[in-house]
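Given the structure is predicted, the values throughout are model-derived calculations rather than measurements.
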Amino acid sequence: MTADDSYGRLNDDDFPAYTMGRAADMLGTTQSFLRAIGEARLITPLRSAGGHRRYSRYQLRIAARARELVDHGMPIEAACRIVILEDQLQEAQRINAEHQRAAAAATARPRAAA
């Protein structure tokens, strides 16, 4: 691996760079909370060669949102379902915006004479 490869991973939201302990510290929560949201299938951490859980920045953002809901009294299963739906909505809105830009670009192009 070259230095350029390593630098690219620093910008990769999906690279599993954080151990369970570090992830829990960053979120201000416990490792059992991370295990619980894993069991609820909100996030599925990747595993190191030794079998240890590793989390990405994207997964930490998702976990932070779940923690916010749980801290406001939401049951963990409900919080996980809400976060999943929010994530799906955000992705659908992103795709919709791409389609709208493509449609606008297509109508803005001059039509060739037939």
Side-chain angles (χ1 to χ4, degrees):
M1 178 185 309
T2 67
D4 288 338
D5 294 337
S6 295
Y7 180 73
R9 287 184 170 181
L10 293 174
N11 293 324
D12 184 355
D13 269 358
D14 296 318
F15 181 69
Y18 304 98
T19 63
M20 177 180 266
R22 180 68 179 132
D25 287 344
M26 291 172 69
L27 296 172
T29 190
T30 63
Q31 293 182 18
S32 63
F33 175 79
L34 292 173
R35 282 190 287 276
I37 62 174
E39 290 169 8
R41 298 181 187 237
L42 176 61
I43 58 175
T44 303
L46 293 175
R47 299 285 181 147
S48 69
H52 300 281
R53 291 174 178 89
R54 296 283 189 257
Y55 297 88
S56 68
R57 289 189 310 206
Y58 171 76
Q59 289 173 324
L60 294 183
R61 283 194 301 274
I62 295 291
R65 176 65 178 134
R67 180 175 182 249
E68 179 183 338
L69 293 171
V70 169
D71 286 351
H72 285 94
M74 180 97 35
I76 197 162
E77 295 81 12
C80 290
R81 184 66 182 140
I82 288 169
V83 173
I84 289 167
L85 291 171
E86 287 175 343
D87 195 50
Q88 289 173 343
L89 176 60
Q90 184 178 19
E91 179 65 8
Q93 289 172 331
R94 184 193 63 77
I95 291 168
N96 188 36
E98 284 179 13
H99 288 301
Q100 287 177 347
R101 282 191 296 274
T107 58
R109 277 186 245 142
R111 296 182 185 217

Problem - Nearest-0.5 Å distance, CZ of residue Arg22 to CG of residue Leu27 - result: 10.0 Å
Exercise for the section: Say whether Leu34 and Met26 are linked into one hydrophobic cluster, either directly or through other cluster members, by side-chain heavy-atom distances under 4.5 angstrom. Expected result: yes
Handout entry: Arg35 and Glu39 ion-paired at < 4.0 Å
Key = no
Exercise for the section: Decide side-chain contact (heavy atoms from CB on, under 4.5 Å) for Asp87 and Tyr58; before the verdict, give the C-alpha distance in whole Å, the side-chain angles of both, and the deciding distance to 0.1 Å. Expected result: CA-CA 11 Å; Asp87 195 50; Tyr58 171 76; 2.5 Å; yes
Exercise for the section: Measure from the side-chain N and O atoms of Ser48 to the backbone N and O of His52, and report whether any donor-acceptor pair falls under 3.5 Å. Expected result: yes
Completion exercise
Rounded to the nearest 0.5 angstrom, the CZ-CG distance for Arg101 and Asn96 is 9.5 Å
Exercise for the section: Answer whether the closest heavy-atom distance between the side chains of Gln59 and Ser56 falls below 4.5 Å. Expected result: yes
Completion exercise
Nearest heavy-atom contact between Ala79 and Ala66 is CB-O, 4.0 Å
Practice task
Measure the spacing between CD of Gln93 and CD of Glu91 and express it to the nearest 0.5 Å.
Solution key: 10.5 Å
Problem - 4.5 Å side-chain heavy-atom contact, Thr19 and Arg53 - result: no
Exercise for the section: For the residue pair Arg47 and Arg54, establish whether any side-chain heavy-atom pair is separated by less than 4.5 Å. Expected result: no
Fill in the blank from the handout: Value for CD1 (Ile43) from CD1 (Ile62), rounded to nearest 0.5 Å, stands at 8.5 Å
Problem - Same cluster (ILVMFWY, side-chain, under 4.5 Å), Leu60 and Phe15 - result: no
Problem - Student check: side-chain heavy atoms of Arg61 and Asp13 closer than 4.5 Å - result: yes
Handout entry: Check: Tyr18/Asp25 side-chain N/O donor and acceptor closer than 3.5 Å
Key = no
Problem - Interatomic spacing from OG1 in Thr44 to OH in Tyr55 - rounded to 0.5 Å - result: 9.5 Å
Handout entry: Minimum heavy-atom distance between Val70 and Ile76, given as atom pair plus value
Key = CG2-CA, 3.9 Å
Handout entry: Expected output: side-chain Arg94 to main-chain Leu89 donor-acceptor under 3.5 Å
Key = no
Problem - Point-to-point distance, once rounded to the nearest 0.5 Å, from CD1 of Ile82 to CE of Met74 - result: 3.5 Å
Problem - Smallest separation among heavy atoms of Ala24 and Thr30, with atom names - result: CB-C, 3.9 Å
Practice task
Could you check if a side-chain atom of Leu85 sits within less than 4.5 angstrom of a side-chain atom of Gln88, using non-hydrogen atoms only?
Solution key: yes
